[in-house]
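Input: a single structure, listed below in C-alpha cells.
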Amino acid sequence: MHTPRCNHATGDVADYANAAIAAGLSEIGMSDHSPMPDDFDKPWRMDRTELPEYLQEVEQVRDIVKDQLDLRVGLEADFHPGTQAYVAEMIASYAWDYVIGSVHYIGDWGFDNPDTIQIWDTWKIEDAYCAYFKLVEQSAQSGMFDIIGHPDLIKKFGHRPPADSVPVNQAIESMLQAVKQADVVLEISSAGLRKPVAEIYPHTRIVQRAAELAIPFSYGSDAHSPNEVGHGMKECLSMLESFSIHEIASFKQRQRTMIAIQHA
Ligand code: ZN
Ligand code: FE
C-alpha cells in the first residue's frame, strides 16, 4: 500500500493502519513506490531523500499499533532494464520486510499511465503483451524481488489480445516458469477491479496455471487511499481457493512464511 510520498496517494500511514484495524486485518504492509534514478519518471514516486522519513513514519506507527496490528514495511520497486544497479543498492540500504517488483514501463512508455494511453494506438496489442510478460519474466529472474506486483497490469485499460494468441500464451507460460524457477511470489491484486478492465490481477487462467505449478501468492489491495485497505480481499482469496490454494505468503525481514487463508 502507498503513502502520499509517491505523489498519487492520500492518507498518512496511521490512517492506513487504523483502516486495517477497523477492517479486522491482523497484518498489513506499506510498500510505496520506490525512488528511481533522477531522470526516470520522477512525478510518480518518492524522492530518494524521502526514504529515511518514509521508514521513520512507518516505524513510528508500527510501534503505536503493535498490539492490534503487524505493520510491515517494504517497497514497490520498478523493474526497468538499465536501473538494476540503482534498485539493488537501494534495496540493500535497509532491512525491508519485503520488496515488490513491478513492471510499469515498456521502454520509456508508461503503458499504465492514462496520460500516455494514446501510445497504445501505435502498438499491436499482442506485441505489447509479449514485451510486457518478457519484462515480468526478467524481473523474476533478477533475483531482486520477493513478490511480482500485479502480474498482468498490461490489461489495465482493457486492451486484449485474442484469448488463443500463441505468442501471448507462450510469453505467459515462460514468465510463470521463470517465477517458479526463481521461487518468487505472485501478487493477486484487487486494484484491477477499480480500473477500466474491472478484473482482478492476474487473470483467472494465470492463477490456474500458477496453481498447477505450485507458485505461491500474496494478496494486495494496492491501496492508494485508506478506504481501499483490504478492498476486494474476499474476491481475491476466493479465486485462490477455487484453485485449491489455501495459504498466502507473508514476509518479515524478507523471510517468507505461508499463512492459512482465514474465513471471516
Ligand atoms: Zn501507485
Ligand atoms: Fe504498481
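Whatever order the structure lists them in is the order used to number ligands and atoms, beginning at 1.
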Q. What class does the angle between the rings of H224 and H2 fall in, given that below 30° is parallel, 30 to 60° is tilted and above 60° is perpendicular?
A. parallel
Q: List in chain and number order the residues that pass salt bridge (Lys or Arg N to Asp or Glu O under 4.0 Å) with E53, two or more places apart in sequence or in another chain; answer none if no residue qualifies.
A: R5
(Q) Looking only at the aromatic ring of each residue, does the gap between the centers of F40 and Y105 stay below 6.0 angstrom? (A) yes
Q: Return the set of residues passing ring-ring contact (aromatic ring centres under 6.0 Å, His included) with W123 (not counting sequence neighbours), or none when no residue passes.
A: W109
Q) What protein N/O/S atoms are found closer than 2.8 Å to the Fe ion (ligand 2)? A) E76 OE2, H104 NE2, H150 NE2
Q: Return the orientation label for the H159 and W120 ring planes: parallel under 30°, perpendicular over 60°, tilted otherwise.
A: parallel
Q) Side-chain contact, heavy-atom cut-off 4.5 Å: L153 with H104? A) yes
Q. Among the clusters formed by ILVMFWY side chains lying less than 4.5 Å apart, do V207 and V185 turn up in the same one?
A. no
Q) Is it the case that one hydrophobic cluster holds both M258 and I245, taking links as side-chain heavy atoms less than 4.5 Å apart, direct or via other members? A) no
Q.
Taking the side chain as everything from C-beta on, heavy atoms only, tell me whether I100 gets closer than 4.5 Å to F145.
A. no
Q. List-wise, which protein N, O or S atoms are found short of 2.8 Å from the Zn ion (ligand 1)?
A. H8 NE2, H33 NE2, H224 NE2
